[in-house]
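For reference, the structure discussed in these notes is given below.
Bear in mind that the values here come from a model prediction, so they are computed numbers and not experimental data. Numbered from 1 within each chain, the chains take letters A, B, ... in sequence-line order.
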There are 2 protein chains.
Amino acid sequence: MSDQPHPKRNRPPSMHDVARLAGVSQTTVSFVVNNVTSVAISQETRDRVWAAIHALGWRPNAMARSLRTRHSQTLGLISDEVVTSPYAVRMILGAQEAAWANRQMLLVVNTSGRSDIEQTALQFMLERRVEGLIYATMYHHEVTPPADLKLVSTVLVNCFVADRSLPAIIPDEVQGGYTATEALIRRGHRRIAFINEIIPMPALFGRLEGYRRALADYGLPVDPTLVRSCHSNVRDAFTVTRELLEYTERPTAIFCFNDKMAMGAYDAIKRMGLRIPQDVAVVGFDNLELIAAQLYPPLTTVALPHYEMGRRAVELLQSLPAGESLPPIQHYIPCPLIERASI
Amino acid sequence: MSDQPHPKRNRPPSMHDVARLAGVSQTTVSFVVNNVTSVAISQETRDRVWAAIHALGWRPNAMARSLRTRHSQTLGLISDEVVTSPYAVRMILGAQEAAWANRQMLLVVNTSGRSDIEQTALQFMLERRVEGLIYATMYHHEVTPPADLKLVSTVLVNCFVADRSLPAIIPDEVQGGYTATEALIRRGHRRIAFINEIIPMPALFGRLEGYRRALADYGLPVDPTLVRSCHSNVRDAFTVTRELLEYTERPTAIFCFNDKMAMGAYDAIKRMGLRIPQDVAVVGFDNLELIAAQLYPPLTTVALPHYEMGRRAVELLQSLPAGESLPPIQHYIPCPLIERASI
DNA sequence: AGGAATTACTAATTGGTTTTAACAGTAGCA
DNA sequence: TGCTACTGTTAAAACCAATTAGTAATTCCT
């Protein structure tokens, strides 16, 4: 029966095993490993301990350590569809890299928008005692997250709650719209059309507001006939663009709600024998690499700061002294202009 | 000094707190929570325990449980750039959903191709006693992962080691190339060009092999002048396509190494006044939604089974009885044809 | 010899799981 | 009636792998 006198079963070595091999107590091993300065340990002992550690291939058990120290060193990330989306994933990368910089790990769950998964995911994360939670969505919109979210420090990313009672990190749609419009104005354009999304959402209102403010700031009138709406797809944008270009006094620049619509605008402009950007300049929104960079000419567009939002969310959580709760500030992250060749 | 007689400090309630409130031992609480059948507990006691649990809002501490049971219920995922890539992320989704189905959580680290991060990430995961590890890459290629990978059950995804000593889940490039070519043959095409990648990689050889086999199986000759290579970008593909179409006996179909190149082929075909698919059929590879579905006509292409590969990797890890190691089988996952309108 | 400094250990703690034991009540049986 | 055997119920205690407060044994220095 007693066939293994040395280590028990087939388990990774513990600090205790190291201590036995080095001929010291487990406490000493812990002190050596953690470089504790409050207790003096001779160099000779330290060397012996490290030798034993390497001999056994010991490495700390994070669960035991976390249990004792009450620090799980993990953050949770619950998203609806971010992992699925081709561009919003950079948010996860931003969060993960910021966590990494702090030696924290990221637990990721994608709920596919199902509230039962969302609920369970939250419970799992609470059981794992995450030290902070990011609740993110693919599209910028209002949400009503599960109530238990209040049990842990949470930051919303790309979404917000109606009463603004939770801190949120959201793209500055107004500034984005402003930046796009301003870039066109600075290139000398005076008749700038805006093809907006038609389904109500924060981006729709924000970008329109930015468009208006930019025109106002530069003393240009807002011509209502130049502000159009359609569904966010290539075909509808194509149609609307053609209509815009048939105006007797046609616009010299078009700001599209997103890159897909810019793709439709490109088609229409080329079909009418006009050149980009000489005859009509185009600015998009979203910076979908696969579209924006591949179009001819490459599309100047405004980027959604996904990476930055993920990073900021984690940094916000990390900045929090233990036990305190985050102030429900809504952080607006600027959307940078990505200049290519379409304006 | 003694201002809090009931619970200690400001920490989440423990099983002990529940036991005290319910007037039973901690053991009993554990039995009730885990529905242990080997020990009988009266219904009255169970109710009291559950009442106490709800009153305190207790939930298990996963770290304590994992420590005792030696089951961390977590899997690790180390990738080079998967999180960054617009399409390979579906691999993470597949892995996460499969893990979820087994009540496991996924720890994700993106190394950005840096081996120091890779090394540290692996150590972190070993410290957290992950029950399995997925080592994934964005592009299908050979890798030399850190040696410590052998300390935990590992599955490679979208990559492989030179000596095939680790189980790997990789796309079946040969079948993918075969499928694409076969689809064209079945539509009656006899002169099928293949624009291949020029940088040596498994996909290059595999897809070419599939192309050849399909032609052979249907009794068609392989015309070397129809097999061209160029760098995987729109411009070069455009050039090569134009050259192909200038042949006196021009091909009636083009199989492109990937969707980006198909985009270039589209441009060339349209520029020469030919129609897709009536005059020239096109098949791509990768199924980049943003390109393939947006092109006109929508591109028929072969999809890389990222989701499926992620899922299979996790299922492989889960299928493993404790203590055993996975056989180093190379699993080839089929690449399905996504039919749209370009053939 | 007494006190401080150095060095390392014992034991408590973290929040659970699980084995073993204890105890009360009841039935079986001589 | 008295003893054993069992059953249903709960508790005690060991254990998981670490951290850390408290303490003890040496050595060094006056």
Can you establish whether the number of heavy atoms outside A:Arg129 located under 6.0 Å from its atom CZ is more than 12? yes
For B:Leu67, answer base if it contacts any base atom (sugar-phosphate contacts may also be present), sugar-phosphate if it contacts only those atoms, and nothing otherwise; contact means non-hydrogen atoms under 4.0 Å. base
What is the nucleic acid contact for A:Ser14, judged by heavy atoms within less than 4.0 Å: base, sugar-phosphate only, or nothing? sugar-phosphate
Taking donor-acceptor contacts at under 3.5 Å, does the side chain of B:Arg70 reach the base of D:dC16? no
With the threshold set at 4.0 Å, does a side-chain nitrogen-carboxylate oxygen contact exist between B:Arg311 and B:Glu308? yes
How many whole angstroms separate atom CG of A:Asp47 from atom P of C:dA8? 11 Å
Side-chain contact check for B:Thr27: nearest option of D:dT19, C:dG16, D:dA13 is D:dA13
Without decimals, in angstroms, what is the distance between A:His16 NE2 and D:dC15 P? 11 Å
Side chain of A:Ser30 (C-beta onward), nearest among C:dG15, D:dA17, D:dT20: D:dT20
In terms of relative ring orientation, are B:Trp100 and A:Phe124 parallel, tilted or perpendicular, with 30° and 60° separating the classes? tilted
Between CD of A:Glu127 and P of C:dG15 the distance, given in whole Å, is 15 Å
Selected nucleotide, minimal atom distance to A:Thr28 side chain, candidates D:dA18, C:dC9, C:dT19: C:dC9
Please figure out whether B:Val39 or A:Gln26 has its closest DNA chain C nucleotide nearer the 5' end. A:Gln26
Can you confirm whether B:Arg114 is buried at CZ, in the sense that more than 12 heavy atoms of other residues, nucleotides or ligands lie under 6.0 Å from that atom? no
Please confirm whether any donor atom in the side chain of A:Arg68 sits under 3.5 Å from an acceptor in the base of C:dT14, or the reverse. no
Examine distances only and state if a side-chain atom of B:Asn110 and a backbone atom of A:Gln96 form a donor-acceptor pair shorter than 3.5 Å. no
Nearest-Å distance for atom pair NE2/C1', residues A:His71 and C:dG15: 16 Å
Indicate yes or no for a side-chain donor-acceptor contact from A:Ser153 to the backbone of A:Ser325 under 3.5 Å, with no hydrogens or angles considered. no
Please answer whether the main-chain N or O of A:Gly113 pairs with a side-chain N or O of A:Thr111 as donor and acceptor at a distance below 3.5 Å. yes
Among C:dG16, C:dT10, D:dA17, the nucleotide that comes nearest once only the side chain of B:Met15 is considered: C:dG16
Nearest-nucleotide pick for B:Asn34, side chain only, options being D:dG8, C:dT17, C:dT10: C:dT17
Which part of the nucleic acid, if any, lies within reach of B:Val36 when heavy atoms closer than 4.0 Å are counted: base, sugar-phosphate only, or nothing? nothing
Using whole Å, report how far CG of A:Asn35 lies from P of D:dT19. 12 Å
So does A:Arg11 get a side-chain nitrogen or oxygen closer than 4.0 Å to the phosphate oxygens (OP1/OP2) of D:dA17? yes
Contact class for A:Thr45 (heavy atom, under 4.0 Å): base, sugar-phosphate, or nothing? sugar-phosphate
Distance in angstrom units between B:Phe31 CZ and C:dT17 P, rounded: 10 Å
Between CD of A:Gln43 and P of C:dT6 the distance, given in whole Å, is 15 Å
Counting only heavy atoms and a strict 4.0 angstrom limit, can you tell me which residues of residues 50-63 of chain B come near DNA chain D? none
Value in whole Å for how far the P atom of C:dG16 lies from CZ of A:Arg128: 14 Å
Closest-nucleotide ordering on DNA chain D, the 5'-leading residue of B:Ala40 and B:Thr69: B:Ala40
Any side-chain donor near an acceptor of the partner, A:Gln123 and A:Gln119, under 3.5 Å: yes
NA contact type, A:Ser42, heavy-atom cut-off 4.0 Å: base, sugar-phosphate, or nothing? sugar-phosphate
